[in-house]
Amino acid sequence: MLVNLDYVLKRAQKEKYAVGLFNTTDTDMLEAVISAAEELNAPVIVGTAEVLLPYGELALIAPSIIERAKNASVPVVVHYDHGLTFERCMEALELGFTSVMFDGSAKSYDENIAYTKEIVKIAHAFGATVEGEIGHVGEAAKEDNLLTDMYTTVKEAKDYISATGVDALAVAIGSAHGVYKKKPMLNIERLKEIKKETDVPLVLHGGSGLSDDDFRNTVKEGIAKVNIFTDLCLAGEKAMKEGMKNGSGYLEIRNLKVNAIKKAVAEKIKLFGSAGKYKV
């Protein structure tokens with residue numbers, strides 16, 4: 001069942017669990033993600049990000065994701081993650097994505113507000129939802145997630161939501177994209193403060209590599225959506241290497257990859273507390 005963020009996140013926010021966004025670059029990853037969600041009767045968010053398009057072009061992968069979502073036995077949001085340009089966000093909406101994230105965090109505050117507000121207006125006309133970001137979720141390779149002056153403030157969050165009308169907000173509390181060099185230190189108190197003063201579902205980016213306790217604590221204190229990608233790649237890569245080492249053929253290796261990614265997705269779904277939320 002193809003739905004938007006509102007459909008899955010409002011309930012998650014109310015019942016204090018989180019829905020996983022698992023980005024994909026091909027139909028192998030797509031199969032792994034949705035089949036795991038179906039077996040666990042869990043809502044799920046699947047899509048791709050602008051930085052991943054060189055590995056799976058939007059117009060090529062979108063029809064497969066959307067068709068699979070429509071025929072899934074659980075609610076599936078098709079989300080365009082970290083849209084860096086207005087044009088690409090519009091392309092995602094025209095292709096049938098039910099949600100987009102405009103990432104204007106690298107722009108000036110006023111530019112971020114202006115672009116996001118316009119995308120919200122257009123996306124809502126499509127029946128789609130919009131996720132925004134205020135603050136700066138770091139890059140693990142650069143360790144800029146350790147720079148506390150980049151964290152989202154309560155005032156920024158409140159002002160941004162009011163000015164743009166976003167349906168979900170990604171907050172910077174110390175997580176980062178990619179593989180961490182050092183153990184991240186999440187600012188749970190900042191998250192609690194933001195949650196107390198805002199009413200839209202909050203999103204944690206840079207989830208791959210965080211500890212189980214990190215996830216439990218952030219979900220408990222208000223995170224309703226968690227983004228995962230790197231962990232899926234690492235699981236698939238490990239399975240393929242083991243298959244090659246054992247002399248498996250191409251199709252066998254492909255199945256090993258899918259099953260490994262599916263297992264990684266299932267583990268996260270259970271950890272986020274969304275398993276069993278949509279029985280059929």
Tell me, please, whether Phe22 has Lys268 positioned over its six-membered ring: NZ or CZ under 6.0 Å from the ring centre and within 45 degrees of its axis?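 Judged by the rule, Lys268 and Phe22 form no cation-pi pair.
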Joint cluster assignment, [X] & [Y], ILVMFWY side-chain distance < 4.5 Å:
X      : Y      : result
Val226 : Val33  : yes
Leu9   : Val3   : yes
Ile253 : Leu232 : no
Leu30  : Val258 : no
Ile161 : Ile194 : yes

Considering only NZ, NE, NH1 and NH2 on the basic side and carboxylate oxygens on the acidic side, decide whether [X] and [Y] come within less than 4.0 Å.
X      : Y      : value
Glu118 : Lys121 : yes
Glu197 : Arg190 : no
Glu91  : Arg88  : yes
Lys257 : Asp26  : yes

Flag if over 12 foreign heavy atoms under 6.0 Å of OH, Tyr17: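 Above 12, so yes.
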Considering residues, nucleotides and ligands other than Met244, do more than 12 of their heavy atoms fall under 6.0 Å from its CE?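 No - once you tally the heavy atoms of other residues, nucleotides and ligands closer than 6.0 Å, there are 12 at most.
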Once you round to the nearest 0.5 Å, how far does [atom1] of [X] lie from [atom2] of [Y]?
X      : Y      : atom1 : atom2 : answer
Thr164 : Phe102 : OG1   : CZ    : 11.0 Å
Lys195 : Ile188 : NZ    : CD1   : 14.0 Å
Leu204 : Lys225 : CG    : NZ    : 9.5 Å
Asp214 : Leu186 : CG    : CG    : 4.5 Å
Tyr115 : Asp103 : OH    : CG    : 13.5 Å
Met101 : His205 : CE    : NE2   : 4.0 Å

Given Lys158 and Thr198, is the side-chain contact (heavy atoms from CB on, under 4.5 Å) satisfied, shown in steps? CA-CA 6 Å; Lys158 290 177 65 176; Thr198 61; 4.1 Å; yes
Donor-acceptor pair, side chain of [X] and main chain of [Y], under 3.5 angstrom:
X      : Y      : result
Ser99  : Asn4   : no
Thr129 : Leu5   : yes
Ser35  : Glu31  : yes
Thr218 : Phe215 : yes
Asn112 : Glu133 : yes
Ser274 : Val19  : no
Thr98  : Val78  : yes
Gln13  : Ala224 : no

Under 4.5 Å between any side-chain heavy atoms of [X] and [Y], yes or no?
X      : Y      : value
Met90  : Thr85  : no
Ile134 : Tyr109 : yes
Val200 : Asp167 : no
Lys192 : Glu189 : yes
Val100 : Leu93  : yes
Arg216 : Leu271 : yes
Val76  : Arg68  : no
Phe229 : Val51  : no

Would you say the side-chain atoms of Asn217 and Glu221 include a donor-acceptor pair closer than 3.5 Å?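 Note: Asn217 and Glu221 side chains miss the donor-acceptor criterion.
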Donor + acceptor pair across side chains of Tyr160, Thr152 (<3.5 Å):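 There is no such pair (donor and acceptor under 3.5 Å, judged by atom type) between the side chains of Tyr160 and Thr152.
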Where is the tightest heavy-atom contact between [X] and [Y], given as atom of each residue plus distance?
X      : Y      : value
Ala59  : Pro63  : O-CD, 3.3 Å
Glu50  : Leu84  : OE1-N, 2.8 Å
Ala42  : Ala275 : CB-CA, 4.0 Å
Leu95  : Ile66  : O-CD1, 2.9 Å
Ile261 : Ala32  : CG2-CB, 3.6 Å
Ala157 : Leu169 : CB-CD2, 3.8 Å

Apply side-chain contact (heavy atoms from CB on, under 4.5 Å) to Ile61 and Thr24, showing your working. CA-CA 9 Å; Ile61 194 172; Thr24 64; 4.0 Å; yes
Evaluate side-chain contact (heavy atoms from CB on, under 4.5 Å) for Val203 paired with Glu131, printing each intermediate quantity in order. CA-CA 9 Å; Val203 181; Glu131 175 185 332; 3.4 Å; yes
Can you tell which of Thr230, Ile228, Leu52 makes a side-chain contact (heavy atoms from CB on, under 4.5 Å) with Asn23?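 Answer after filtering Thr230, Ile228, Leu52: Leu52.
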Under the side-chain contact (heavy atoms from CB on, under 4.5 Å) rule, what do Tyr278 and Met1 come out as? Steps first, then yes or no, please. CA-CA 11 Å; Tyr278 285 87; Met1 178 169 58; 5.5 Å; no
